[in-house]
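Data block below; observations after.
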Number of protein chains: 2
Amino acid sequence: MDKKLMNISISMLLLRLLEEQDRYGYELIKELEARSENVFSLKEGTLYPILHTLELEGAVEGYEKAAETGRTRKYYHITKKGLKLLAEKKKEWDTYQKAVNHVIGGMEYEYSTEYGTAAWGF
Amino acid sequence: MDKKLMNISISMLLLRLLEEQDRYGYELIKELEARSENVFSLKEGTLYPILHTLELEGAVEGYEKAAETGRTRKYYHITKKGLKLLAEKKKEWDTYQKAVNHVIGGMEYEYSTEYGTAAWGF
DNA sequence: TGACATACCTATGTAAACTAGGTATACTTA
DNA sequence: TAAGTATACCTAGTTTACATAGGTATGTCA
């Protein structure tokens with residue numbers, strides 16, 4: 001468990017996006033904005049240090065790759081360790097979520113078997 | 001919205017407990033532990049400063065009251081301002097929760113009309 | 001009587017995330 | 001073609017929620 005009460009780390013969200021496919025920093029920011037409908041709008045100053053830390057921890061691996069435009073981007077790939085970390089963080093989030101809802105009351109929920117259910121308005 | 005991404009404050013949980021009835025500090029800690037099944041276990045060093053801040057902000061009002069044992073306790077009462085703050089924080093939490101789940105995927109939920117539903121295992 | 005639970009408090013530390021800058025390339029449009 | 005905007009990466013310094021680690025004092029139970 002994280003020390004910081006109810007502080008679900010951004011890294012969980014980033015790892016989740018990298019679980020799907022390799023992505024570069026700027027792309028992660030835009031994708032996160034899109035999926036969260038602008039609830040999560042990371043500044044570069046927030047994102048890049050986190051990515052560097054994740055790389056140091058061995059949760060992701062960065063590599064340079066040229067875009068179609070010729071411009072070089074730094075892509076990140078999630079490692080086995082990263083996948084494990086993601087699973088842990090998801091479990092933590094679930095625990096916190098349940099506990100908070102239990103305290104404030106009034107919310108019922110259940111898991112669905114697939115990513116992105118009708119409940120989310122897809 | 002709070003600046004701190006996904007950092008849902010403890011104050012929301014405390015205000016929620018004070019919404020039900022006046023309580024004293026130590027009681028809040030124990031009640032929070034009980035309701036969250038020990039997920040949230042505040043240290044006194046965490047709780048009391050938060051209560052003092054909430055009082056300074058006018059969200060709660062403290063008053064001394066003797067317990068049956070004769071011992072004096074400091075009870076806190078939630079104010080109108082506190083109730084408003086709680087409502088805001090609940091809304092924030094709901095927004096964050098939805099956004100996180102939207103990103104990590106796979107969770108469906110709906111509101112129930114009453115506090116404490118069967119889904120929570122009461 | 002000595003340990004433990006209750007009940008309150010403050011000073012200091014830590015780390016996640018933000019603020020506020022910086023650099024440089026590609027695209028768009030006036 | 002110049003200027004503005006979007007893309008794409010980076011670091012130093014700051015903020016602040018919460019934890020750590022201490023303190024005091026009363027009530028209870030073995």
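Residue numbers begin at 1 in each chain, while the letters A, B, ... track the order of the sequences.
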Legend entry - Distance in angstrom units between A:L32 CG and C:dA17 C1', rounded: 14 Å

Inset, instruction - To the nearest Å, give me how far apart CD (A:E68) and C1' (C:dT25) are. - result: 15 Å

Inset, instruction - Count the heavy atoms belonging to other residues, nucleotides or ligands that lie under 6.0 Å from CD of A:E61, then report whether that count exceeds 12. - result: no

Legend entry - Chi angles and distances behind the side-chain hydrogen bond (donor to acceptor under 3.5 Å, both in side chains) call for A:S41, A:E33: CA-CA 5 Å; A:S41 187; A:E33 280 173 357; 2.7 Å; yes

Inset, instruction - Give a yes/no answer on whether the side chain of B:K43 brings an N or O atom under 4.0 Å of OP1 or OP2 in D:dT20. - result: yes

Distances under 3.5 Å between nitrogen or oxygen atoms of protein and nucleotides 25-30 of chain D:
from   : atom 1 : to    : atom 2 : distance (Å)
D:dT26 : O2     : B:R71 : NH1    : 2.7

Legend entry - Contact check, side chains of A:Y63 and A:K74, non-hydrogen atoms, under 4.5 Å: no

Distances for protein N or O near nucleotides 8-12 of chain C N or O, under 3.5 Å:
from   : atom 1 : to    : atom 2 : distance (Å)
C:dC8  : OP1    : B:K74 : N      : 2.8
C:dC8  : OP1    : B:K74 : O      : 3.4
C:dC8  : OP2    : B:G25 : N      : 3.3
C:dC8  : OP2    : B:Y26 : N      : 2.7
C:dC8  : OP2    : B:Y48 : OH     : 3.1
C:dC8  : O5'    : B:Y48 : OH     : 3.4
C:dC9  : OP1    : B:K74 : NZ     : 3.4
C:dC9  : OP2    : B:H52 : NE2    : 3.0
C:dT10 : OP2    : B:H52 : ND1    : 3.4

Inset, instruction - For A:D94 and A:K98, run salt bridge (charged side-chain N to carboxylate O under 4.0 Å, His left out): C-alpha distance rounded to whole Å, both residues' side-chain angles, the deciding distance at 0.1 Å, then the answer. - result: CA-CA 6 Å; A:D94 190 44; A:K98 276 183 189 164; 3.6 Å; yes

Legend entry - Salt-bridge criterion met for A:K89 and A:E92 (N-O under 4.0 Å): no

Inset, instruction - In whole angstrom, give the distance that lies between atom CG of B:L42 and atom P of D:dT20. - result: 12 Å

Inset, instruction - Specify the separation, in whole Å, of atom CE of A:M12 and atom C1' of C:dA17. - result: 15 Å

Legend entry - Whole angstrom value for the distance that separates P of C:dA16 from CD of A:E92: 12 Å

Inset, instruction - Take the protein atom CD of A:E33 and the nucleotide atom P of D:dA8, then report the distance between them rounded to whole Å. - result: 13 Å

Legend entry - Positive for side chain to side chain contact (heavy atoms under 4.5 Å, CB included) with A:I104, one of B:L15, B:L86, B:L13: B:L13

Legend entry - Atom-to-atom span, CD of A:E57 to C1' of C:dA16 - whole angstrom: 12 Å

Inset, instruction - Output yes when A:K30 and A:E27 qualify as a salt bridge under the 4.0 Å nitrogen-oxygen rule, no when they do not. - result: no

Legend entry - Heavy-atom pair with the smallest gap, counting every atom of A:L17 and A:R23: O-NE, 3.0 Å

Inset, instruction - Assign the ring pair B:Y24 / B:Y75 to parallel, tilted or perpendicular, where the plane angle (0 to 90°) is split at 30° and 60°. - result: perpendicular

Legend entry - Rounded distance in Å - NZ (A:K65) to P (C:dT25): 22 Å

